[in-house]
**Q** 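Let me begin by handing over the structure; questions about it come next.
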Amino acid sequence: MDEMDVDKDLSFRGESANNDLSFLNGNFRMKMSAGSFYIPRSDKAPLGEDAHFICGEEETIGVADGVGSWARKGIDPGEYSRQLVRNAELSIQKQKDQRNKINPMEVLNEAYLNTKCQGSSTACILTLCCDTIHAVNVGDSRFVVIRDGVIVYKSEIQQRGFNYPFQLGNGVELDDPSVAQEINAAVRIGDVIVMATDGLFDNVHNHELEKLVHDGVGDLHKLETFSKMLAQKIAEYALQKSESKTVYTPYAEECSKAQIYRPGGKRDDITVIVAQILPR
């Protein structure tokens, strides 16, 4: 996406987006209501390195996380992720117009082929079809399905080594969509899907995320803005953890496994999308 799309596609700290996902993508019994919240890392460019989208009528959501090491070459790491997301949205719209059904793998392929700028990015795209979510994932962005306050599914990350995720990009040493995981998982009415970049999952443990969602469902479920408010609550909790130099985080745990002593959180862009499965 380009800068003209910021207000449409990104939610910055102090703002959030909410969309009622009502398109009948074979979904005669269920629908999703999704909202998002984005906190760019304060010492990065104003747009940060993450990008995301919520395509309401098409029952499809996605995140992308630009790889920060490109900044050392003078390249904005967020440019690739923003273009990738914008091209994904265009592909989704085309699929909707052509056959009224979304295939996440085709979306990822087309977005990748049409993203020509330098850089690289992780990507995670998910759509609801009947009572099943279909998703594709490259790298260390991921999603969970939470049912009655408990994680019943968590997508796996892809990495070649510590802090070295698979990443889409234009170059011989970068990945293409052929490496993507294709995921199918059954969902029920009342389930909550949390999709996020690693700024969330590096800083928040599973049990903490479960509690945040459980408490949020109890406190906020009657509000029309439930999804975006819960996304904001989760993102701001992750920000608080990321700024600590002493708290034990998933990232500190992974550092320990790599024989690196590094307590505390990991400062990063934080993108959170919350999607609630509702009866139609």
**Q** Do Ile151 and Val274 share a hydrophobic cluster, counting only Ile, Leu, Val, Met, Phe, Trp and Tyr and linking them when any side-chain heavy atoms are less than 4.5 Å apart?
**A**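 Yes; tracing contacts between hydrophobic side chains, which count when under 4.5 Å, links both residues.
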**Q** One pair to check against salt bridge (Lys or Arg N to Asp or Glu O under 4.0 Å): Glu110 and Arg86. What are the steps and the verdict?
**A** CA-CA 11 Å; Glu110 187 166 1; Arg86 180 56 180 162; over 6 Å; no
**Q** Could you tell me whether a side-chain N or O of Thr225 sits under 3.5 Å from a main-chain N or O of Lys228, the two making a donor and an acceptor?
**A**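 Absent.
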**Q** Compare every heavy atom of Pro77 with every heavy atom of Ala71, then report the nearest pair and how far apart it is.
**A**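 Nearest pair, atom of Ala71 first, then Pro77: N-CG, 3.8 Å.
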**Q** Does the side chain of Asn206 come within less than 4.5 Å of Lys154's, by heavy atoms?
**A**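 They are in contact (side-chain heavy atoms under 4.5 Å apart), so the answer is yes.
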**Q** For Ala123 and Asn137, which heavy atoms make the closest approach, and how far apart are they?
**A**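 Minimum heavy-atom separation between Ala123 and Asn137: O-OD1, 3.2 Å.
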**Q** As a test of understanding, state which of Leu230, Val204, Leu200, Ile273 forms a side chain to side chain contact (heavy atoms under 4.5 Å, CB included) with Val194.
**A**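 Per the side chain to side chain contact (heavy atoms under 4.5 Å, CB included) rule, the option paired with Val194 is Leu200, out of Leu230, Val204, Leu200, Ile273.
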**Q** Decide whether Phe53 and Met105 are clustered together by the hydrophobic rule: side chain heavy atoms of Ile, Leu, Val, Met, Phe, Trp, Tyr closer than 4.5 Å, transitively.
**A**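 As far as the 4.5 Å side-chain criterion goes, Met105 and Phe53 are connected within one cluster.
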**Q** Would you call Glu243-Arg41 a salt bridge at under 4.0 Å N-O?
**A**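 No salt bridge links Glu243 with Arg41.
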**Q** Determine, step by step, whether Ile183 and Val136 satisfy the side-chain contact (heavy atoms from CB on, under 4.5 Å) criterion, reporting the C-alpha distance in whole Å, the side-chain angles of both residues, the deciding distance to 0.1 Å, and the verdict.
**A** CA-CA 6 Å; Ile183 301 162; Val136 290; over 6 Å; no
**Q** Can you get from Val145 to Ile189 by hopping between Ile, Leu, Val, Met, Phe, Trp and Tyr side chains that sit under 4.5 Å apart?
**A**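 Cluster IDs for Val145 and Ile189 match.
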**Q** Evaluate the side-chain contact (heavy atoms from CB on, under 4.5 Å) criterion for residues Tyr153 and Ile146: first the C-alpha distance (whole Å), next the side-chain angles of each, then the deciding distance (0.1 Å), finally the verdict.
**A** CA-CA 7 Å; Tyr153 181 81; Ile146 298 178; over 6 Å; no
**Q** To the nearest 0.5 Å, tell me how far Asp269 CG sits from Asp50 CG.
**A**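 One gets 4.5 Å once the value is rounded to the nearest 0.5 Å.
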**Q** Taking the basic N atoms (NZ, or NE/NH1/NH2) and the acidic carboxylate oxygens, is any pair closer than 4.0 Å for Lys257 and Glu254?
**A**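 Looking at Lys257 and Glu254, the cut-off is met.
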**Q** Do you see a donor-acceptor pair shorter than 3.5 Å between the side chains of Thr271 and His52?
**A**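 On atom types as modelled, these side chains do not qualify, holding no pair under 3.5 Å.
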**Q** Would you say that Phe37 contacts Ile234 through its side chain, given a criterion of any heavy-atom pair below 4.5 Å between the two side chains?
**A**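 In short, these two side chains do not touch, never coming nearer than 4.5 Å.
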**Q** Salt bridge or not for Arg147 and Asp191, using N-O below 4.0 Å?
**A**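 Answer for the salt bridge query: yes.
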**Q** Would you confirm whether Ser244, through its side chain, and Lys241, through its main-chain N or O, come within 3.5 Å as a donor-acceptor pair?
**A**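 Judged by distance alone, no pair lies under 3.5 Å.
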**Q** Look at the side chain of Glu106 and the backbone N and O of Pro104, then say whether any donor-acceptor pair between them is shorter than 3.5 Å.
**A**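 No; judged by distance alone, with no hydrogens or angles, the pair does not exist.
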**Q** Can you tell me if Gln158 uses its side chain to pair, donor with acceptor, with the backbone of Gly139 under 3.5 Å?
**A**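 Yes; judged by distance alone, with no hydrogens or angles, the pair exists.
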**Q** Can you tell me how far the CD atom of Glu58 sits from the CE atom of Met32, to the nearest 0.5 Å?
**A**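 Answer for the CD-CE pair, Glu58 versus Met32, is 11.0 Å.
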**Q** Running the 4.5 Å side-chain criterion over Ile, Leu, Val, Met, Phe, Trp and Tyr, what cluster does Tyr248 land in, apart from itself?
**A**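 Taking Ile, Leu, Val, Met, Phe, Trp and Tyr as members, Tyr248 stands alone, with no cluster partners.
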**Q** Crowded around Asp148 CG? As in, over 12 foreign heavy atoms under 6.0 Å?
**A**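 No, CG of Asp148 has 12 or fewer neighbouring heavy atoms, counting only those of other groups under 6.0 Å.
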**Q** If you round to the nearest 0.5 Å, how far is CE of Met195 from OG1 of Thr197?
**A**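 CE of Met195 is found 11.0 Å from OG1 of Thr197.
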**Q** Are the side chains of Arg29 and Asp131 in contact, using a 4.5 Å heavy-atom criterion?
**A**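 The answer is yes; the side chains approach within 4.5 Å.
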**Q** What's the separation between atom CG in Asn203 and atom CD in Glu208, rounded to the nearest 0.5 Å?
**A**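 Rounded to the nearest 0.5 Å, the CG-CD separation comes out at 9.5 Å.
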**Q** Is there a chain of hydrophobic side chains (I, L, V, M, F, W, Y, each step under 4.5 Å between heavy atoms) that links Val138 to Leu113?
**A**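 Cluster IDs for Val138 and Leu113 match.
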**Q** Kindly give the heavy-atom pair with the smallest separation between Thr249 and Gly264, and that separation in Å.
**A**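 Nearest pair, atom of Thr249 first, then Gly264: OG1-O, 2.8 Å.
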**Q** Is there a side-chain contact between Ile75 and Tyr80 in this structure, where contact means two heavy atoms from C-beta onward sitting under 4.5 Å apart?
**A**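 The answer is no, as the side chains (C-beta and beyond) never meet within the 4.5 Å cut-off.
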**Q** Measure the NZ-CD1 distance between Lys96 and Ile102 for me, rounded to the nearest 0.5 Å.
**A**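 It comes to 8.5 Å.
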**Q** Using the rule that Ile, Leu, Val, Met, Phe, Trp and Tyr join whenever any side-chain heavy atoms are under 4.5 Å apart, tell me whether Val152 and Met30 fall into a single cluster.
**A**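 Both belong to a single hydrophobic cluster.
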**Q** Are side-chain N/O atoms of Thr127 and Thr60 paired as donor and acceptor at under 3.5 Å?
**A**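 Judged by distance alone, the side chains do pair up.
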**Q** Using the side chain to side chain contact (heavy atoms under 4.5 Å, CB included) criterion, which residues pair with Ser69? Sequence neighbours excluded.
**A**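 Here the qualifying residues are Val67, Arg72.
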**Q** Evaluate the criterion side-chain contact (heavy atoms from CB on, under 4.5 Å) for residue pair Asp215 and Lys233; output intermediate values, then yes/no.
**A** CA-CA 10 Å; Asp215 292 349; Lys233 181 178 178 180; 3.9 Å; yes
**Q** Assess the residue pair Ser256 and Tyr261 against the criterion (side-chain contact (heavy atoms from CB on, under 4.5 Å)); give the C-alpha distance rounded to whole Å, side-chain angles, the decisive distance to 0.1 Å, and a yes or no.
**A** CA-CA 6 Å; Ser256 179; Tyr261 176 70; over 6 Å; no
**Q** Do Asp268 and Asp198 have side chains that approach each other closer than 4.5 Å (heavy atoms only, starting at C-beta)?
**A**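 Yes, their side chains come closer than 4.5 Å.
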**Q** Rounded to the nearest 0.5 Å, what separates atom CD in Gln276 from atom OG in Ser227?
**A**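 Those atoms lie 5.5 Å apart.
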**Q** Look only at the side chain of Ser242 and the backbone of Leu239, and say whether a donor-acceptor pair between them is shorter than 3.5 Å.
**A**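 Yes: the side chain of Ser242 pairs with the backbone of Leu239.
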**Q** Could you report the tightest heavy-atom contact between Glu210 and Gly149, atom names first, then the distance?
**A**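 Shortest heavy-atom separation between Glu210 and Gly149 comes out as CB-O, 3.3 Å.
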**Q** Could you tell me whether a side-chain N or O of Tyr237 sits under 3.5 Å from a main-chain N or O of Gln232, the two making a donor and an acceptor?
**A**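 Checking the backbone N and O of Gln232 against the side chain of Tyr237, no donor-acceptor pair under 3.5 Å is found.
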**Q** If we only count heavy atoms from C-beta on, is the Val217 to Val192 side-chain gap below 4.5 Å?
**A**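 Yes. Closest side-chain heavy atoms under 4.5 Å.
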**Q** What's the verdict on salt bridge (Lys or Arg N to Asp or Glu O under 4.0 Å) for Arg160 and Asp175, showing C-alpha distance, side-chain angles and the deciding distance?
**A** CA-CA 11 Å; Arg160 292 187 166 81; Asp175 297 305; 2.6 Å; yes
**Q** For the residue pair Ala51 and Ser81, what are the closest heavy atoms and their distance?
**A**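 For Ala51 versus Ser81, the nearest heavy atoms are CB-O, 3.6 Å.
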**Q** For residues Leu168 and Pro177, determine if any side-chain heavy atom of one lies less than 4.5 Å from a side-chain heavy atom of the other.
**A**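 When only atoms from C-beta onward are counted, Pro177 and Leu168 do touch, with a gap below 4.5 Å.
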**Q** Going by heavy atoms in the side chains, are Lys101 and Cys129 under 4.5 Å from each other?
**A**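 They are in contact (side-chain heavy atoms under 4.5 Å apart), so the answer is yes.
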**Q** Would you please say whether a donor-acceptor pair under 3.5 Å links the side chains of Thr115 and Asn87?
**A**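 Asn87 and Thr115 do have a side-chain donor-acceptor pair below 3.5 Å.
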**Q** Testing the 3.5 Å rule here: is there a donor-acceptor pair between the side chains of Thr122 and Ser141?
**A**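 There is such a pair (donor and acceptor under 3.5 Å, judged by atom type) between the side chains of Thr122 and Ser141.
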**Q** On the six-membered ring of Tyr251, is Arg262 placed so that its NZ or CZ lies under 6.0 angstrom from the centre and within 45° of the ring axis?
**A**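 No - Arg262 does not lie over the ring of Tyr251 by the 6.0 Å and 45° rule.
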**Q** Hydrogens and angles aside, do Lys266 and Asn163 bring a side-chain donor and acceptor to less than 3.5 Å of each other?
**A**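 Judged by distance alone, the side chains do pair up.
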**Q** Under 3.5 Å, is there a donor on one side chain and an acceptor on the other for Gln93 and Asp97?
**A**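 Asp97 and Gln93 do have a side-chain donor-acceptor pair below 3.5 Å.
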**Q** Under a 3.5 Å threshold, yes or no: a donor from one side chain and an acceptor from the other, between Gln240 and Glu236?
**A**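 No, Glu236 and Gln240 have no side-chain donor paired with an acceptor closer than 3.5 Å.
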**Q** Is a side-chain donor or acceptor of Gln95 paired with a backbone partner of Ile92 at a separation under 3.5 angstrom?
**A**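 No.
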**Q** Please report the closest heavy-atom contact between Ala258 and Phe162, naming both atoms and the distance.
**A**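 Looks like CB-CG, 4.0 Å.
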